[in-house]
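Working notes, beginning with the structure itself.
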Amino acid sequence: MGKVAVMRLYNIYYLCKMSIDGIKNLDYDRNSYANGRYDYTLVGWQKAVQSYDIIRKISFLNNEVKQILDYVPAYVHSDLRPKVSEGVVGNLRRANIQLIAKLDVIIELYESLDNGDAQEGLDVKIPKCDSFKEYIQYMKDIDFIFSQCPFISQTDEEIVFNTVDVGSMWLSFFIKAQAGKHLILSTIAKLSEVAIKIKSNYKVTKMQDEWLETMRQKNDVGQEVIDVFKQMKQKMLDDAVSELEGECGISLENDEDRDRARRSIDKMAMLIDKGVEIYSAIETPQEIKVMFPFSENAPLLPEGLQKLIEAKEENNGDDTSEQ
């Protein structure tokens, strides 16, 4: 069974905020039968389903949403305006009132906190630390990559620390950049991908390094063998730097820049190997999100969310034009 991803509190809030209206706007039109019995038409059902599909990505609300969807018979589930019985409507009303109350609490709680600005950027998940010293080392390595890697520092954009997510090990950064450029985000996506390739060899090279050092101390292997091994590791990092030069369209002209690039790739590989995960923030455009190697495991891209965002943006645009 795969690992369950832990979602940032902000992302939970964001999904609730974007989806709650679709659930609140579900309405029940009563139709009369000749014998005095009633059935109902669900108005706004498809938009509500879109919202349910988004909310069910939040693990602690998944079962509740599944129960709501199960109330509506499967044979009318895909109808634009399903006709259902009075009993179904009663169950839906009660369940929706409870769900909306929970969504409102999450939204009000988050908006009562001072959690920095929300905009496109990066979310960094830190693995569980056994000591404060270990946590600080993660911070130092991340800071080195973000501030010293020449593929990042040579852009005209800037990574700015935003906040630490409430009650978790998530760090949030936003990007100061011209609209639509996304240079740093695409660079970090490429850097992560290259580092993952290096990581696959990291454990092997680390074991070889430790074994060679043990052999050297026993005088079972000469310094020249160790030097050859270090040269092989150096070449692996040099090839990774060259790959990033081609991917980013940046040529590193001096040895100091190439050394910082090698160290950044090496640190990124070690961080990923230890469990650090780097995601694009939930506000980031889809074309950038898909570049990040961790996106497949992130519960941040539920189907239907983009449509809801686009619909809200269109409505906001209409409201602006009328003013």
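No hydrogens, no waters, no symmetry mates; every other heavy atom, side chains included, goes into these values.
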Within one Ile-Leu-Val-Met-Phe-Trp-Tyr cluster: F60 and I20, side-chain cutoff 4.5 Å | yes
With a 4.5 Å heavy-atom cut-off, do V124 and E277 have their side chains touching?
-> no
Does the side chain of D53 come within less than 4.5 Å of R56's, by heavy atoms?
-> yes
Atom of I55, atom of L15 and distance for their closest heavy-atom approach | CD1-O, 3.8 Å
Are V276 and P127 close enough that some pair of their side-chain heavy atoms sits under 4.5 Å apart?
-> yes
For S280, does its backbone N or O pair with a side-chain atom of T284 as donor and acceptor, under 3.5 Å?
-> no
Give the minimum heavy-atom separation between L113 and L109, together with the two atoms involved.
-> CG-O, 3.3 Å
Who passes side-chain hydrogen bond (donor to acceptor under 3.5 Å, both in side chains) against Y40, sequence neighbours left out?
-> none
Which atoms form the tightest heavy-atom contact between I272 and S192, and what is the distance?
-> CD1-O, 4.0 Å
Residues that K190 engages under salt bridge (charged side-chain N to carboxylate O under 4.0 Å, His left out), provided they are two or more places apart | none
Has the side chain of S51 got a donor or acceptor atom that lies under 3.5 Å from a matching backbone atom of K47?
-> yes
Output yes when a side-chain donor or acceptor of R260 lies under 3.5 Å from a complementary backbone atom of P150, and no otherwise.
-> no
Counting only heavy atoms not in D255, do more than 12 fall under 6.0 Å of its CG?
-> no
Can you find a pair of side-chain heavy atoms, one from W45 and one from L26, that are under 4.5 Å apart?
-> yes
Decide, yes or no, whether a salt bridge links E86 with R30 under the criterion of side-chain N to carboxylate O below 4.0 Å.
-> no
Using the test side-chain contact (heavy atoms from CB on, under 4.5 Å), find all partners of R93 that sit at least two apart in sequence or belong to another chain.
-> Y28, V89
Minimum side-chain heavy-atom gap I278-M268 below 4.5 Å = yes
Under the ring pair (Phe, Tyr, Trp, His ring centres under 6.0 Å) test, residues paired with F173 that sit two or more places apart = F146, F161
Without hydrogens or angle criteria, can the side chains of N162 and S172 be said to hold a donor-acceptor pair below 3.5 Å?
-> yes
Do Y110 and Y10 have their ring centres less than 6.0 Å from each other?
-> yes
Closest heavy-atom pair, K197 versus E243, reported as atoms and distance to 0.1 Å, is NZ-OE2, 2.8 Å
List in chain and number order the residues that pass salt bridge (charged side-chain N to carboxylate O under 4.0 Å, His left out) with E245, two or more places apart in sequence or in another chain; answer none if no residue qualifies.
-> R258
Spell out, as yes or no, whether a donor-acceptor pair under 3.5 Å connects the side chain of D27 to the backbone of V43.
-> no
Do I12 and V65 share a hydrophobic cluster, counting only Ile, Leu, Val, Met, Phe, Trp and Tyr and linking them when any side-chain heavy atoms are less than 4.5 Å apart?
-> yes
Using atom types as modelled and distance alone, determine if a side-chain donor or acceptor of D143 lies under 3.5 Å from a backbone N or O of M139.
-> no
Within a strict 4.5 Å, meaning less than it, do heavy atoms of the S85 and D39 side chains meet?
-> no
List the atom of I184, the atom of E157, and the distance in Å for their closest heavy-atom pair.
-> N-OE1, 2.8 Å
Atom CZ of F132 with >12 non-hydrogen neighbours under 6.0 angstrom = no
Kindly determine whether Q137 and D141 satisfy side-chain hydrogen bond (donor to acceptor under 3.5 Å, both in side chains), including the steps that lead there.
-> CA-CA 6 Å; Q137 188 58 53; D141 288 342; 3.1 Å; yes
Could you state whether V164 and I126 fall into the same hydrophobic cluster, counting links through intermediate Ile, Leu, Val, Met, Phe, Trp or Tyr residues with side-chain heavy atoms under 4.5 angstrom apart?
-> yes
What about F144 and Y138, same hydrophobic cluster or not, with Ile/Leu/Val/Met/Phe/Trp/Tyr joined at side-chain heavy-atom distances under 4.5 Å?
-> no
Report yes or no: does S19 contribute a side-chain atom to a donor-acceptor pair with the main-chain N or O of C16 at less than 3.5 Å?
-> no
Pairs under 3.5 angstrom only: tabulate donor-acceptor contacts from the side chains of residues 69-80 to other protein residues two or more places apart or in another chain.
from: D70; atom 1: OD2; to: K66; atom 2: NZ; distance (Å): 3.1
from: H77; atom 1: NE2; to: L69; atom 2: O; distance (Å): 3.2

Quick one: does I265's side chain get under 4.5 Å of I145's, heavy atoms only?
-> no
Kindly give the heavy-atom pair with the smallest separation between D130 and K128, and that separation in Å.
-> OD1-NZ, 4.0 Å
